[in-house]
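The next block holds one structure in the form of structure tokens; read it before the comments.
Here is the naming used below: chain letters follow the sequence lines, and residue numbers restart at 1 for every chain. Note that the structure is predicted; figures quoted are calculated from it, not measured.
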2 protein chains.
Amino acid sequence: MIHLMIETVTSLTIGKLAQQAGVGIDTVRFYERRRLLPEPARTASGYRLYAPESVARIRFIRRAKDLGFSLDEIDTLLGLHDVGGTKAEVKALTERKLEQIDAKIDHLQRIRTVLKGLSDQCSGEGDISACPIIESLTHD
Amino acid sequence: MIHLMIETVTSLTIGKLAQQAGVGIDTVRFYERRRLLPEPARTASGYRLYAPESVARIRFIRRAKDLGFSLDEIDTLLGLHDVGGTKAEVKALTERKLEQIDAKIDHLQRIRTVLKGLSDQCSGEGDISACPIIESLTHD
DNA sequence: CTTGACCCTGGACCCGACTCCATGGTTTAT
DNA sequence: ATAAACCATGGAGTCGGGTCCAGGGTCAAG
């Protein structure tokens, strides 16, 4: 049996897609399993063949991830994009994410304040006895 | 064979230790495996027996964790505490942690700015076409 | 015709910090 | 005497987001 790989002018193998989108091959397959990417066309021999739009879809996922969205949330976002949700839905997701980010910042800032206070109190000189940092961890 | 559980006035079984320290029993055993807690004494039948100081040690771990230290870092901190490190070492660890926290806050704040910008641009009305949030994820 | 670069699959493994489980022994309260 | 509550062990499972591997098929270049 002899097969010819029929690649239309613009379609991509998984390797080229991954390269163009800036992710690893395994990541593409992983996104497919997670249903963030639709099942691609296949050549006669089973190779995945992607339309160039897939590059944009992966970049979408990556940018959303960089903004702090989880893959589940990105799934929802892509669903709204694909099926035609409303701006209100997208905005609601964004605002919820914003609140989560704010909560994280808040939490880190509270930690930061404590840590800074401890660091400032500690002379950094001498052995560990009466180190205010250790003390504060040791007692209430 | 009949054994009596010899609990000196102040020593604790793992359950009571866990309860007083505010963690689960499994967490105590986990900390022991991680060598954050020394191997405890045992009764004749193999039950772990803890001195009351162990409560403080677990609280130490918890407080350090709440301040953002990893268990590995806490191991180091406890080592300094136990073996007698210097204030300089403890302070250095604290300052490194402070830098990490600052980096995280920075990162989150950059994300926050982008997200806020997008949210503000989106009217939240109508179908998803030309949604500035989706658009920004779709293009560069 | 062979070599190397590509692709396929299913499944295991990674990180951190637990948490849960099965199976069985011990202690305590009724 | 017996049940409930505790404890022991070793090992597996959880979460998220990948990453890697073995054991194959396939394709393009020389």
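Taking 4.0 angstrom as the limit, Ser45(B) places none of its side-chain polar atoms (N or O) nearer than this to OP1 or OP2 of dA8(D). One finds no side-chain N or O of Arg48(A) lying less than 4.0 angstrom from the OP1 or OP2 phosphate oxygen of dT26(D). In this structure, Thr43(A) does not reach the dT26(D) phosphate: none of its side-chain N or O atoms is under 4.0 Å from OP1 or OP2. Between dC20(C) and Arg29(B), no contact under 4.0 Å exists linking OP1 or OP2 to a side-chain N or O. Note on Ser70(A): every side-chain N or O is 4.0 Å or more away from OP1 and OP2 of dG16(D).
With rounding to the nearest 0.5 Å, the separation of CZ in Arg112(B) from CD in Gln100(A) is 13.0 Å. Here OG1 of Thr94(B) is found 8.0 Å from CG of Leu137(A). Values are rounded to the nearest 0.5 Å.
Side-chain atoms of Asp26(B) lie closest to dC20(C) of the nucleotides dC7(C), dC20(C), dA17(C). Of the candidate nucleotides dT9(C), dG17(D), dT9(D), dT9(D) has the atom lying nearest to any side-chain atom of Arg42(B).
Atom P of nucleotide dG16(D) and atom CD of Glu73(A) are separated by 10 Å, given to the nearest angstrom. Put simply, CZ on Phe69(A) is 17 Å from P on dG16(D), counting in whole angstrom units. Look at CG on Leu17(B): it is 14 Å from C1' on dC7(D), rounded to the nearest Å. Atom pair Ile58(A):CD1 and dG17(D):C1' shows a separation of 15 Å (rounding to whole Å applied).
Asp127(B) and Ser129(B) form a side-chain donor-acceptor contact under 3.5 Å, judged by distance and modelled atom types alone. Side-chain atoms of Thr86(A) and Glu89(A) include a donor-acceptor pair closer than 3.5 Å.
Contact of Tyr31(A) with dG18(D) (side chain to base): no donor-acceptor pair of N or O atoms is detected under 3.5 Å. Counting atom types as modelled, Tyr47(A) pairs no side-chain N or O with a base atom of dC8(C) as donor and acceptor under 3.5 Å.
Heavy atoms from other residues, nucleotides or ligands lying under 6.0 Å from CD of Glu135(B) number more than 12.
Taking the nucleotide of DNA chain D with the nearest heavy atom to each of Arg33(B) and Ile25(B), the more 5' of the two is matched to Ile25(B).
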